[in-house]
Chemist: 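Encoded as structure tokens, here's the structure I'll be asking about.
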Amino acid sequence: ITLTATGNIDIKQAVLETNGANLTFASTTGNITLTSSTGNGAIVSTAGCALMAGNVCRNQSFNFVQGGLQTLTANNGTIKIEAPVAGGFGVALFSGGGQTITANNVEVRGGLMSNAGYGGNDAWITNRSSSAGQTISAHTILLQAGGQNSTLSTDRDNDAGIYSSAGLQTINITGTGGSLTLNGGAGGHNNAAAIYANSGGQVLNVHGAVSINGGNANGTYQNFAEISSSADQTINIYDGGSITINGGAGDGYGLDQFFN
């Protein structure tokens with residue numbers, strides 16, 4: 001699939017699957033948005049896991065198709081991956097052959113409330129390739145976990161995340177004064193903002209500030225933010241930038257990994 005537009009590319013409540021073939025979206029002046037409506041999900045995949053009958057991309061034991069580079073470009077706009085406000089099944093960019101994502105801004109936003117009895121109203125950019133890497137480059141990158149009401153059991157698993165399985169994960173914050181911001185959930189439980197690399201290692205090149213902020217609601221748990229790697233991790237800060245880590249008011253730790 002190749003789609004090029006001069007304006008916005010909006011994908012809502014849809015399943016797009018290439019089963020191992022390349023997928024390319026490019027907007028020369030506008031934004032690229034993947035979202036859904038209440039009670040539904042949306043996924044763009046090259047890994048053979050996105051089906052109308054059910055989103056088996058959540059099944060980590062699934063035999064993912066290897067291949068299919070996923071490329072999204074919005075040099076003058078924003079690439080936004082945003083779960084619906086309530087009752088959704090999550091949204092994701094999911095690749096079995098590596099990812100290259102380039103924009104002025106990248107936003108990944110979890111929903112405020114999950115589907116009753118299920119959870120998982122999350123938003124992910126996920127690379128499941130066994131060898132190809134993931135590169136995300138933008139002036140600003142924001143991961144905002146969802147969650148709003150700590151008294152409801154459905155207010156959980158509203159994660160915002162970026163994950164790469166085996167290839168090198170590279171996050172570039174470009175241009176002076178850029179920012180990389182991760183915010184844990186404002187309420188509820190298990191609402192995380194996370195950038196995670198598995199066996200391939202992780203490199204961050206930041207021309208600006210990194211801000212990692214835990215969840216901010218008393219009485220909640222596992223609302224956190226993290227940047228982590230199971231292999232080597234290198235963080236380069238340029239142009240007089242900074243790293244700030246703020247603990248949250250909640251407690252607990254643990255990452256729901258539905259889409260990774």
Chemist: When rounded to the nearest 0.5 angstrom, what distance separates CG in Asn172 from CD1 in Ile101?
Modeler: 12.0 Å

Chemist: Check for me, please, whether Val106 and Leu142 land in the same ILVMFWY cluster - side-chain distances under 4.5 Å, paths through other members count.
Modeler: no

Chemist: Cluster question for you: counting only ILVMFWY and a side-chain heavy-atom cut-off of under 4.5 Å, with indirect links fine, are Leu23 and Leu69 together?
Modeler: no

Chemist: Can you name the closest pair of heavy atoms from Leu34 and Ala42 and give their distance?
Modeler: CD1-CB, 3.8 Å

Chemist: Distance check, rounded to the nearest 0.5 Å: Cys49 atom SG versus Glu17 atom CD?
Modeler: 5.5 Å

Chemist: Evaluate the criterion side chain to side chain contact (heavy atoms under 4.5 Å, CB included) for residue pair Asp10 and Lys12; output intermediate values, then yes/no.
Modeler: CA-CA 6 Å; Asp10 296 316; Lys12 183 175 182 179; over 6 Å; no

Chemist: For the side chain of Asn191 and the backbone of Asn158, is there at least one donor-acceptor N/O pair under 3.5 Å apart?
Modeler: yes

Chemist: May I ask you to decide if Thr71's main-chain N or O and Thr24's side chain share a donor-acceptor pair within less than 3.5 Å?
Modeler: no

Chemist: What's the shortest heavy-atom distance between Ser131 and Ala166, and which atoms?
Modeler: N-CB, 4.2 Å

Chemist: Are the side chain of Asn8 and the backbone N or O of Asn31 linked by a donor-acceptor pair below 3.5 Å?
Modeler: yes

Chemist: Using a 3.5 Å distance criterion without hydrogens, assess whether the side chain of Ser36 forms a donor-acceptor pair with backbone atoms of Gly90.
Modeler: no

Chemist: Any donor-acceptor pair under 3.5 Å linking the side chain of Glu226 with the backbone of Ala194?
Modeler: no

Chemist: Given 3.5 Å as the limit, does a donor-acceptor pair link the side chain of Gln99 with the main chain of Ile125, or not?
Modeler: no

Chemist: Do Ile136 and Ile195 make a side-chain contact, defined as non-hydrogen atoms from C-beta onward lying under 4.5 Å apart?
Modeler: no

Chemist: So which of Ser165, Ser164, Ser230, Ser229 actually passes side-chain hydrogen bond (donor to acceptor under 3.5 Å, both in side chains) with Tyr196?
Modeler: Ser230

Chemist: I'd like to know if Tyr238 and Ile171 are part of one continuous hydrophobic network [Ile/Leu/Val/Met/Phe/Trp/Tyr, side-chain heavy atoms within less than 4.5 Å].
Modeler: no

Chemist: Which distance, rounded to the nearest 0.5 Å, do you find between the CD1 of Ile32 and the CG of Leu72?
Modeler: 4.5 Å

Chemist: For Gly98, is there any backbone N or O sitting under 3.5 Å from a side-chain donor or acceptor partner on Asn127?
Modeler: yes

Chemist: Rounded to the nearest 0.5 Å, how far apart are CG of Asn205 and OG1 of Thr135?
Modeler: 10.0 Å

Chemist: Apply side-chain hydrogen bond (donor to acceptor under 3.5 Å, both in side chains) to the pair Asn105 and Thr140, showing each step before the final yes or no.
Modeler: CA-CA 5 Å; Asn105 309 292; Thr140 69; 2.6 Å; yes

Chemist: Give a yes or no answer on whether the side chain of Asn121 reaches the backbone of Pro84 with a donor-acceptor pair at less than 3.5 Å.
Modeler: yes

Chemist: Without hydrogens or angle criteria, can the side chains of Ser211 and Asn213 be said to hold a donor-acceptor pair below 3.5 Å?
Modeler: yes

Chemist: Applying the 4.5 Å side-chain criterion to the ILVMFWY set and letting contacts propagate, would Ile141 and Val206 be lumped into a single cluster?
Modeler: yes

Chemist: I need the minimum non-hydrogen distance between Ala47 and Ser45, along with the two atoms involved.
Modeler: N-OG, 2.9 Å

Chemist: What do you reckon, is CG of Asp232 surrounded by more than 12 foreign heavy atoms closer than 6.0 Å?
Modeler: no

Chemist: Closest heavy-atom contact between Asp239 and His207?
Modeler: OD2-ND1, 2.8 Å

Chemist: Considering non-hydrogen atoms only, spot the tightest contact between Ile79 and Thr102 and give its length.
Modeler: CD1-O, 3.7 Å

Chemist: Compare every heavy atom of Gln70 with every heavy atom of Leu93, then report the nearest pair and how far apart it is.
Modeler: CB-OE1, 3.5 Å

Chemist: For a side chain to side chain contact (heavy atoms under 4.5 Å, CB included) check, start with the C-alpha distance between Ile227 and Gln233, then their side-chain angles and the critical distance, and finish with the verdict.
Modeler: CA-CA 9 Å; Ile227 300 174; Gln233 181 187 62; 3.9 Å; yes

Chemist: Look at the side-chain heavy atoms of Ile, Leu, Val, Met, Phe, Trp and Tyr, link any pair under 4.5 Å apart, and say whether Phe94 and Val15 land in one connected group.
Modeler: yes

Chemist: Looking at Gln202 and Ser228, would you say the former's side chain and the latter's main chain have a donor-acceptor pair under 3.5 Å?
Modeler: yes

Chemist: Please walk me through it: do Ile1 and Val44 pass side chain to side chain contact (heavy atoms under 4.5 Å, CB included)?
Modeler: CA-CA 11 Å; Ile1 297 175; Val44 175; over 6 Å; no

Chemist: Would you compute the distance between atom OG1 of Thr170 and atom CD of Gln134 and round it to the nearest 0.5 angstrom?
Modeler: 8.5 Å

Chemist: To the nearest 0.5 Å, tell me how far Thr73 OG1 sits from Asn76 CG.
Modeler: 11.0 Å

Chemist: Quick check: do Thr35 and Lys80 have side-chain heavy atoms less than 4.5 Å from each other?
Modeler: no

Chemist: Any chance you could lay out the side chain to side chain contact (heavy atoms under 4.5 Å, CB included) test for Ile81 and Trp124, step after step, and finish with the verdict?
Modeler: CA-CA 7 Å; Ile81 314 302; Trp124 284 91; over 6 Å; no

Chemist: So, Gln169 side chain and Gly200 main chain: donor-acceptor pair closer than 3.5 Å or not?
Modeler: no

